[in-house]
Protein chains: 2
Amino acid sequence: MSQPGLRERKKQRTRLALIDAALELFAAQGYEATTVDQIAAAVDVSPRTFFRYFATKEDVALSLPVDGQEVMLRELAGRPAGEPPFTALSHAMRAVVTELQRGDLTETARFLKARELIENTPALFAGSVRRMMENEQRLIAEIARREGSSPDDLLPHFVVSLFTTVARVGFESCHPRSIEDLPAFGERLEQILSLAERSLRPGWDRGPVDGDADAPRVHGDADAPRPGD
Amino acid sequence: MSQPGLRERKKQRTRLALIDAALELFAAQGYEATTVDQIAAAVDVSPRTFFRYFATKEDVALSLPVDGQEVMLRELAGRPAGEPPFTALSHAMRAVVTELQRGDLTETARFLKARELIENTPALFAGSVRRMMENEQRLIAEIARREGSSPDDLLPHFVVSLFTTVARVGFESCHPRSIEDLPAFGERLEQILSLAERSLRPGWDRGPVDGDADAPRVHGDADAPRPGD
DNA sequence: TGTCATCTGTCAGCTCCTGACATAAATTAC
DNA sequence: GTAATTTATGTCAGGAGCTGACAGATGACA
């Protein structure tokens with residue numbers, strides 16, 4: 001595992017070069033005003049090649065945060081089994097931030113640059129939300145697995161969506177001030193997480209409390225067997 | 001105010017014709033497989049004219065739900081001042097559903113058709129969420145106004161985002177089952193609203209409880225002066 | 001009826017994105 | 001080290017979404 005081969009290294013280099021060129025151009029003249037041809041030209045690559053690295057122009061700006069989501073999912077999978085869902089999600093999110101802090105400086109700078117660009121560009125923000133939502137499905141599946149509940153169950157959906165929302169509000173609340181550094185962002189995350197925890201009833205993410213059997217069923221209601229099956 | 005004039009009526013007719021033609025084509029052959037030219041041809045109108053009615057191809061599918069958001073905002077503005085934020089939002093949402101039920105049948109059918117299409121088309125669903133989030137800003141402003149808090153305040157953001165999330169999970173939970181009728185949708189909404197209320201601490205949407213002054217400040221912290229300014 | 005505002009069609013063109021094919025480069029086999 | 005094979009890249013053609021500009025048609029209004 002010494003080296004991943006010259007070919008692979010070259011690919012990684014062009015990929016990063018494309019991202020850097022794109023971020024720079026986007027920042028300088030705006031996202032929509034920048035064409036794919038310009039980005040490709042800046043890296044001295046054909047426009048067709050750009051689309052072999054990124055499916056859409058949007059993707060080049062969102063690729064870094066998307067990588068973050070992968071880390072998030074991995075971290076979540078590594079959380080201890082007994083941990084309540086919301087707690088596990090919170091810890092996974094924190095792990096992503098600390099993971100980023102460990103990376104080298106140009107790497108975190110790139111990430112912050114991308115993040116700010118996304119936050120200030122409606123089209124990119126929309127795309128970011130879309131990715132978040134796609135990722136949400138995977139988080140839901142993981143939480144459902146941990147809790148041993150059906151993927152049709154409302155509760156995992158609710159928990160994950162609520163968590164995602166909290167994280168998003170954390171991001172948004174930094175805007176229009178830019179996120180100057182990771183530690184500041186970490187603090188912000190703790191604040192909003194704490195607000196969420198103070199707003200929610202203890203044990204809410206584990207379903208209805210016992211002895212509440214007469215309450216209208218919501219937990220597991222999505223495809224619950226109806227009387228008569 | 002007898003009639004809005006022949007010109008205006010004609011415009012409304014073309015607009016609805018475009019929507020109907022689009023929904024039909026989308027349902028028949030899929031959203032991406034349908035071109036704007038086809039839609040325009042179905043209404044016997046030039047493609048250029050299509051774009052004078054709808055800024056994007058997406059818009060023709062989302063226009064109806066967007067109208068619903070306008071109603072939602074109006075209803076929210078009409079809620080009594082003393083009502084807690086989350087309650088006011090819930091009532092406004094309910095009002096939208098009942099408003100829809102009062103409309104004529106072809107109207108609600110159109111809405112349901114659009115809703116189902118959106119739910120089953122990732123690209124449209126993402127667009128729908130994006131509109132929802134754009135609208136969120138206006139809801140936040142309204143809630144902040146009602147509560148007399150700064151628009152930078154975290155709490156209104158949190159409350160509105162959480163509400164939007166709850167509503168969205170309600171929508172999503174209907175899929176892949178289609179929403180056959182409005183009453184069923186109303187019931188679903190009540191279920192998820194009830195789940196949310198049972199998960200949250202009483203008074204959460206009005207800020208931290210008194211006597212908790214030592215807790216880390218979050219409420220109103222968004223642009224708090226830092227030590228050293 | 002005639003003037004004016006507005007809506008519509010036509011056309012030309014840009015940008016995003018894709019399939020197909022040929023070329024160049026790296027990897028592997030010999 | 002050379003040949004064979006895989007894989008990345010460039011070139012080309014083209015479809016689809018979307019826009020500006022101009023000319024003609026059609027309601028509005030006096």
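Lettering follows sequence order; numbering is per chain, from 1.
- For D:dT9, the OP1/OP2 oxygens have no side-chain nitrogen or oxygen of A:Thr49 closer than 4.0 Å.
- Around the CG atom of B:Asp44, the shell of radius 6.0 Å holds no more than 12 heavy atoms that belong to other residues, nucleotides or ligands.
- Put simply, NZ on A:Lys11 is 14 Å from C1' on C:dA25, counting in whole angstrom units.
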Check your understanding: Does the side-chain contact (heavy atoms from CB on, under 4.5 Å) test come out yes or no for A:Val36 and A:Val60, once each step is laid out?
Key -> CA-CA 10 Å; A:Val36 172; A:Val60 71; over 6 Å; no
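- For the pair A:Arg15 and A:Asp20, the salt-bridge criterion is not met [side-chain N within less than 4.0 Å of a carboxylate O].
- Both A:Glu32 and A:Arg48 sit near DNA chain C, but only A:Glu32 has its closest nucleotide nearer the 5' end.
- Side-chain N/O atoms of B:Arg7 and base N/O atoms of C:dT6 include a donor-acceptor pair closer than 3.5 Å.
- With a 6.0 Å cutoff to the six-membered ring centre and a 45° limit on the axis angle, A:Lys57 does not count as a cation-pi contact of A:Phe51.
- Whole-Å rounding puts the B:Phe51 CZ to C:dT15 C1' distance at 13 Å.
- Taking only side-chain atoms of A:Val36, from C-beta outward, the nucleotide of C:dG9, C:dC16, D:dC18 with the closest atom is C:dC16.
- Rounded to a whole Å, the CZ atom of B:Phe50 is 16 Å from the C1' atom of C:dT8.
- The nearest whole Å value for the distance from the CG atom in B:Asp37 to the C1' atom in D:dG17 is 9 Å.
- Taking atom CZ of residue B:Arg52 and atom P of nucleotide D:dA25, one finds them 15 Å apart after rounding to whole Å.
- Looking at A:Glu24 and A:Arg110, no side-chain N of the basic residue comes within less than 4.0 Å of a carboxylate O on the acidic one, giving no salt bridge.
- For D:dT26, neither phosphate oxygen OP1 nor OP2 lies less than 4.0 angstrom from any side-chain nitrogen or oxygen of B:Lys10.
- The separation between A:Arg13 atom CZ and C:dA26 atom P is 10 Å, rounded to whole Å.
- A:Thr35 comes within 4.0 angstrom of sugar-phosphate atoms only, judged by non-hydrogen atoms across all strands, and of no base.
- The CZ-P distance, from B:Arg9 to C:dT6, rounds to 19 Å in whole Å.
- Residue B:Tyr53 has no polar side-chain atom (N or O) positioned under 4.0 Å from OP1 or OP2 of C:dC7.
- In this structure, CD of B:Glu58 is placed 15 Å from C1' of C:dC16, rounded to the nearest angstrom.
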